[in-house]
2 protein chains.
Amino acid sequence: MIVFGTVTVPSVSTNSKPRVTIDHVARAVGVSRQTVSRAINNKSEIDPGTRQRILDAARAMGYRPSRFARGLVRQHLITVGLVIADVLNPFFPEVTAGVLEAAEHRGWQVVVYTTNSDHRKELEVVDLLIEQVDVGVAFLLHQDAIVKAAGAGLPFILLDKGDRAPEVPGVRIDFESGVRQGLEHLLDRGHRRIAMIDDVTYLSVVGPDPRREVYLKVMAERGLPVDAGWIQPAHNSVEGGAEAMGRLLAARPDVTAVFAYNDVIAIGAQRRAAELGLRIPRDCAFLGFDGLTVGELVEPPLTTLHIDKRRLGEIAVEQAALLLGGPEERVAEDAVIRPELVVRGST
Amino acid sequence: MIVFGTVTVPSVSTNSKPRVTIDHVARAVGVSRQTVSRAINNKSEIDPGTRQRILDAARAMGYRPSRFARGLVRQHLITVGLVIADVLNPFFPEVTAGVLEAAEHRGWQVVVYTTNSDHRKELEVVDLLIEQVDVGVAFLLHQDAIVKAAGAGLPFILLDKGDRAPEVPGVRIDFESGVRQGLEHLLDRGHRRIAMIDDVTYLSVVGPDPRREVYLKVMAERGLPVDAGWIQPAHNSVEGGAEAMGRLLAARPDVTAVFAYNDVIAIGAQRRAAELGLRIPRDCAFLGFDGLTVGELVEPPLTTLHIDKRRLGEIAVEQAALLLGGPEERVAEDAVIRPELVVRGST
DNA sequence: TTGAAAGCGCTAACAG
DNA sequence: CTGTTAGCGCTTTCAA
């Protein structure tokens, strides 16, 4: 045991050039490498004295077993690659929490990659995934990135699964039910001129997102015309939401409610509205999507369609396990996450 | 290239039992495994025709190179283990962003582990670190976990470095300067009865944290007595901050300012104060620590000591690189992060 | 352009 | 209790 201030951390361990191998230790101690292996791995069939001598020598020499050599021989450790767009968007940490927990539960390791939803970056990350992990759990926007991963035979679970990759297993969010709940809530409150702030990236890459499609559908069902100016694209950030809200109010100052692509955008939009003198929810109501914790902290607290993001991550890992599990055993059906309306002060 | 809906993802790749090796592919195609290796690795010395046949066969058979075998032979890929307390506390994602970026820059892989600052969990995670990564970058509260890692010869960088591990390299946050700035700001505003809400876990494990020590010191320098009831412990969460604030106001309703361990706690405390009818900052001012984005979104926006968390993560990876770098090359000195006062509406 | 041999660092299986 | 013999799956010589 090392005591700081008395004994220093073995600086030999910080070398990089000559890797200390089990053979070096064996030679130094004068035993076979098998014996060293036994000592290192806490096997029982070994003389306590020998064992101690080996451990001491190993530590002194700065020996650390090679994880590659070990992995090669005991085909155990599974690594899952988690691909998210951005750690800073609070949505992803929650999913990550679920993934980490489920992975730990199975003794899996999680390597994290971020893409910022950038096309080139997604393709690069998929390459890494193919090389470095056993199974991927990924938010991937770009069709060709998905195709590339699947084509390379990488087992993976798609986390933002829409209609674009029917053959790839994933977790599906029930936008139909979610958005419908939210809009009906707004309609019940008497709103008729309901705008939508959409994510510009998703829009430009994948096409109209499911939220928007359901929005248009529900409005049509009620016989409510949707004014073209009601739909504003936004960058996926608080500032993006604020800008879109500014544009919306300039174009259509008479909207009474805003349905946003997600909570981050909704928070930005709501702030900007307040800055411009609107009273929320009286002058304009706001509905978010995702159910982020931060939505409870803003003023007024945000009404939102809450989805269990942590569960989303857990389910993804379960699906991944199925994928890796049996021979030919296809993941039968996508798991589904259903959003739940949480009414707070913003509506 | 696979087209979804037309060709299905090769289900053979989802098998787990018989790993398809390079030899299987070689035999199937009728070439040596070196030739397969050449095809897979895009080497130039290979006949385009052979190459294509091999690639096709490999794909059809669901062949994926073993990363262990590869790693063993080309000693390249470095894996850094990032240990954080909790993905859900917004402080950590920001650090993580920095680590991910710096790691990507170097072509390193990042495996993420969480501990919840739990003692047993920290020890377990250190075990995993020792087995699974080349270098650790870690928030570790418990001295024995730090000692264990260092003792095992694992190169690592301590992220919440206080005075407890002088021999372990790390990044140091300049609490002295930070807290002083913050308190002087409060004193300038005329506050004299300044309470502090401290983190109970840190307190119970490591002892009084540097923030508190500087707080006591500055107050003493000004000749301002610190009432015992002014210091309240809190769990590290919004709710924890709220509870502590409740206790504080019950015990000492006459405090005029609160300095919190971090922004998360400050936000909770501020909310509770507002719920109890206090007007912020008139009746009570709030000062946080960390400079989280969410602090800008609450009402009133939180005055805080901002630290560049992303930079913290980047620096840690740079330090890690030094550690791995030269022989005997010790990381000369801890890098230092200096907090910066950001004045907003809460003071 | 291709193949054969050697070995990366380790552990499992069997002797002794 | 300890050593020897075989690989794990791949790439890197070196020949052909």
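Going from atom CG of A/Asp23 over to atom C1' of C/dT11 covers 12 Å, rounded to whole Å. Between the C1' atom of D/dT2 and the CG atom of A/Asn41 lies a distance of 16 Å, rounded to the nearest Å. Between the CZ atom of B/Arg19 and the C1' atom of D/dC10 there is a distance of 11 Å, given to the nearest Å. One can place CD1 of A/Ile22 at 18 Å from P of C/dG7, the figure rounded to the nearest angstrom. Spacing between atom CZ of A/Phe68 and atom P of C/dT11 amounts to 15 Å, rounded to whole angstrom units. For the pair A/Arg53 CZ and D/dC1 C1', the interatomic distance rounds to 13 Å; values are reported in whole Å. Atom CZ of B/Arg27 is separated from atom P of C/dA4 by 12 Å (rounded to the nearest Å). At whole-Å resolution of the value, CD1 in B/Ile54 and P in C/dT1 are 13 Å apart.
The side chain of A/Arg33 sits closest to C/dC10 out of D/dG9, C/dC10, C/dG3. For A/Val73, whose side chain is taken as the heavy atoms from C-beta onward, the closest listed nucleotide among D/dC8, C/dT1, D/dT4 is D/dC8. The side chain of A/Thr35 approaches D/dG3 more closely than any other nucleotide in the set C/dG9, D/dC10, D/dG3. Here C/dC10 is the nucleotide among D/dT2, D/dC10, C/dC10 with the atom lying nearest to any side-chain atom of A/Thr21. Side-chain atoms of B/Arg38 lie closest to C/dG3 of the nucleotides D/dT11, C/dG3, D/dT2. Nearest to the side chain of B/Gln34, among D/dT4, D/dT11, C/dC8, sits D/dT11.
An OP1 or OP2 oxygen of C/dT11 is reached within less than 4.0 angstrom by a side-chain nitrogen or oxygen of A/Arg70. Between A/Thr50 and D/dT2 there is a side-chain N or O to OP1 or OP2 distance below 4.0 Å. Between A/Lys43 and C/dA12 there is a side-chain N or O to OP1 or OP2 distance below 4.0 Å. Between A/Ser32 and D/dT2 there is no side-chain N or O to OP1 or OP2 distance below 4.0 Å.
Remark: A/Glu318 engages A/Arg311 in a salt bridge, criterion side-chain N to carboxylate O under 4.0 Å. For A/Lys309 and A/Glu314, the salt-bridge test fails: no basic side-chain N is under 4.0 Å from an acidic carboxylate O.
For the pair B/Arg70 and A/Glu131, the minimum side-chain heavy-atom distance is below 4.5 Å.
Using a 3.5 Å distance cut-off with no hydrogens or angles, the side chains of A/Tyr113 and A/Gln132 do pair a donor with an acceptor.
Mapping B/Leu72 and A/Val31 onto DNA chain D by nearest heavy atom places A/Val31 closer to the 5' end of the strand. Heavy-atom distances to DNA chain C give each of B/Asp47 and B/Ala69 a nearest nucleotide, and the one nearer the 5′ end belongs to B/Asp47.
The two atoms that bring B/Leu154 and A/Arg64 nearest to each other are CD1-NH2, 3.3 Å, heavy atoms only.
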